[in-house]
Amino acid sequence: MKIKQTIDKIPGGMMLIPLFLGAIIHTAFPNAGEYFGGFTKGLMTGTVPILAVWFFCMGAAIDVRATGTVIRKSGTLVLTKIAVAWVVALIAIQFLPEGGVQTGFFAGLSVLAIISAMDMTNGGLYASIMQQYGTKEESGAFVLMSLESGPLVTMLILGSTGVAVFEPHVFVGAVLPFLVGFLLGNLDHDLRAYFGKATQTLIPFFGFALGSSIDLGVIVDTGLLGILLGVVVIIITGVPLILADKYIGRGNGTAGLAASSTAGAAVANPMLVANMKPEFLPAAQTATALVAASVIVTSILVPIITAYYSGYMKKKNPPVADGPADLQTSKAAI
C-alpha cells in the first residue's frame with residue numbers, strides 16, 4: 001500500500017491528516033483518551049511534551065555555518081513576516097474584543113488566531129517551491145524559518161502589543177528546548193544528524209495529539225472564515241514579503257511570495273499559548289480550527305500563485321542567453 005505517497009500528495013498532509021483523524025475520534029468519542037488511559041491517553045493528550053521534543057530537534061537541525069546569502073535572504077523573510085504580524089496585531093486589538101468575536105460571520109476570530117496564522121512560514125513548502133522556481137541559496141533560506149517555530153514569536157507579539165503579559169521565565173521556558181538543541185547540534189555534527197532526523201517523524205504525532213483536542217463541529221462552523229483567513233494571510237503578508245525580497249534580499253519577489261503561507265506547526269500555537277495563559281483557553285479551540293484552515297488554504301494557493309508570479313517575472317526580465325548569434329557578434333567585434 002502507498003499510504004505515505006498518498007498523504008504526501010496533500011499539502012501539509014503529514015500534519016493535517018493525523019490532525020483530522022484525531023479530531024474525528026475526539027468528536028465521535030470525546031472520552032476515548034480517558035477510557036483507554038495509559039500510553040494511548042498520553043498520545044492523545046501529549047501535545048506539549050511532543051512539541052517540546054520536536055522543538056529541541058528542530059534547534060539541533062540548524063547549522064550555524066550558513067552562507068551569508070542564505071542568512072540575508074532568510075533573515076529578511078523571517079523578520080518581515082514577524083513585523084507584518086506585529087503590525088496587524090496592533091491594528092486588530094483596536095477592533096476585536098479580548099475573547100474574540102462571539103457572534104455573526106466572524107465568530108471565533110481573535111487576535112490569537114490572526115497572529116498564529118501570520119507569524120510562521122511553512123518552511124518545507126517554501127523550500128520545495130524555491131527548489132523549482134528559485135536559486136539554491138533561496139531554497140536554503142528556510143534555515144532561519146525554524147526560529148519562528150513554536151509559540152515564542154506569538155508570545156512576543158502578544159506581549160509587545162499589550163494583549164497579554166508573560167513573565168520572563170515563561171519566555172525562557174518556551175525557547176529553552178530549542179536553544180539547547182541548537183547548541184548540541186552545532187557542538188557535535190553527529191548529534192545534529194541524529195536529532196535532525198526526528199523533526200519530520202514527530203510531525204504526525206503532535207498533529208494527532210492536537211486534533212484529539214478539537215471538535216469537528218468547530219471546524220465546520222469556522223470553515224468559510226478559515227478559508228478567508230488563509231487568503232488574507234497570503235495578501236497581507238505576501239505583498240510586504242515580495243517588496244522585502246526585492247529591495248533587501250536582492251531577489252525578484254518570488255521567494256517572498258513563496259514565504260506567505262501559514263506553517264503547519266502554527267496550528268499548535270493557540271493551545272500552547274492557552275496552556276501558559278489560561279485566559280486564552282476560550283478562544284484557543286476556535287483559533288486552532290481557523291489556523292488549520294489557513295494552513296490548508298495557503299498550502300494549496302501559495303505554490304500556484306508563486307508559479308504564475310515566477311513565470312511573469314521571467315517573461316518581464318528574461319535571462320540573457322549566450323547563443324550562437326551572440327557568439328558571432330562577439331567574434332565580429334574582435
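Heavy atoms only: backbone and side chains are in, while hydrogens, waters and symmetry mates are out. Residue indices begin at 1 and follow the sequence shown.
At least one side-chain heavy atom of M44 sits under 4.5 Å from a side-chain heavy atom of I25. No side-chain heavy atom of W54 sits under 4.5 Å from any side-chain heavy atom of T201. Considering only heavy atoms from C-beta on, V153 stays 4.5 Å or farther from M120 through its side chain. Residues T121 and L77 form no side-chain contact, since every pair of their non-hydrogen atoms from C-beta on lies 4.5 Å or further apart.
A pairwise comparison of heavy atoms in A113 and L290 identifies CB-CD1, 4.0 Å as the closest pair. Contact detail for T288 and M271: the closest heavy-atom pair is OG1-CG, 3.8 Å. In terms of heavy atoms, T76 sits closest to A244 at CG2-O, 3.6 Å. Of all non-hydrogen atoms in V302 and S260, the two that sit nearest each other are CG2-OG, 3.7 Å. Taking all atoms of both residues into account, the shortest heavy-atom contact from A287 to S110 is CB-OG, 4.3 Å. Scanning all heavy atoms of the two residues, the minimum distance from Y133 to A307 falls at OH-CB, 3.2 Å.
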Hey, mind stepping through N269 and L272 against side-chain contact (heavy atoms from CB on, under 4.5 Å) and telling me if it holds? CA-CA 5 Å; N269 278 0; L272 288 174; 4.2 Å; yes
Trace of the side-chain contact (heavy atoms from CB on, under 4.5 Å) decision for F280 with N275: CA-CA 8 Å; F280 285 108; N275 281 327; over 6 Å; no
side-chain contact (heavy atoms from CB on, under 4.5 Å) for L96 and I114? Distances and angles first, verdict last. CA-CA 11 Å; L96 297 179; I114 293 173; 3.6 Å; yes
Between I236 and V88, is the side-chain contact (heavy atoms from CB on, under 4.5 Å) condition met? List the steps. CA-CA 9 Å; I236 291 182; V88 170; 3.7 Å; yes
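With rounding to the nearest 0.5 Å, the separation of CG in L184 from SG in C57 is 10.5 Å. In this structure, NZ on K246 lies 9.0 Å from OG1 on T254, to the nearest 0.5 angstrom. Atoms NZ and CG, from K314 and N252 in turn, are 8.5 Å apart once rounded to the nearest 0.5 Å. Atoms CE and CG, on M118 and L229 in that order, are 6.5 Å from each other to the nearest 0.5 Å. Rounding to the nearest 0.5 Å gives a distance of 12.5 Å between CG of L187 and CG of D190. Once rounded to the nearest 0.5 Å, the distance linking CD1 of I305 with OG1 of T298 reads 10.0 Å.
Taking a 6.0 Å sphere around NZ of K41, one finds it holds 12 or fewer heavy atoms contributed by other residues, nucleotides or ligands.
No side-chain donor-acceptor contact under 3.5 Å links T237 and K81. For S294 and T262, the side-chain atoms include at least one donor-acceptor pair closer than 3.5 Å. Side-chain atoms of W86 and S160 include a donor-acceptor pair closer than 3.5 Å.
Residues F106 and V291 are members of one and the same hydrophobic cluster, defined by side-chain heavy-atom contacts under 4.5 angstrom among Ile, Leu, Val, Met, Phe, Trp and Tyr. V239 and L257 fall into different hydrophobic clusters, where Ile, Leu, Val, Met, Phe, Trp and Tyr are joined by side-chain heavy atoms under 4.5 Å apart, directly or via other members. Both L228 and V267 belong to a single network of hydrophobic side chains, linked directly or stepwise wherever heavy atoms of I, L, V, M, F, W or Y lie under 4.5 Å apart. V231 and I234 fall within the same hydrophobic cluster, defined by Ile, Leu, Val, Met, Phe, Trp and Tyr side-chain heavy atoms under 4.5 Å apart, directly or through other members. L191 and L179 sit in two unconnected hydrophobic clusters of ILVMFWY residues. Membership requires side-chain heavy atoms under 4.5 Å apart, directly or through other members.
Ring pair F182/F178 is parallel by interplanar angle, where below 30° counts as parallel and above 60° as perpendicular.
Under a 3.5 Å cut-off, the side chain of Q102 and the backbone N or O of G100 do form a donor-acceptor pair. Here the side chain of S212 pairs a donor or acceptor atom with the backbone of F208 at under 3.5 angstrom.
Separation of the F195 and F56 ring centroids falls under the 6.0 Å cut-off.
Evaluation of the salt bridge (charged side-chain N to carboxylate O under 4.0 Å, His left out) rule for K315 yields no partner, not counting sequence neighbours.
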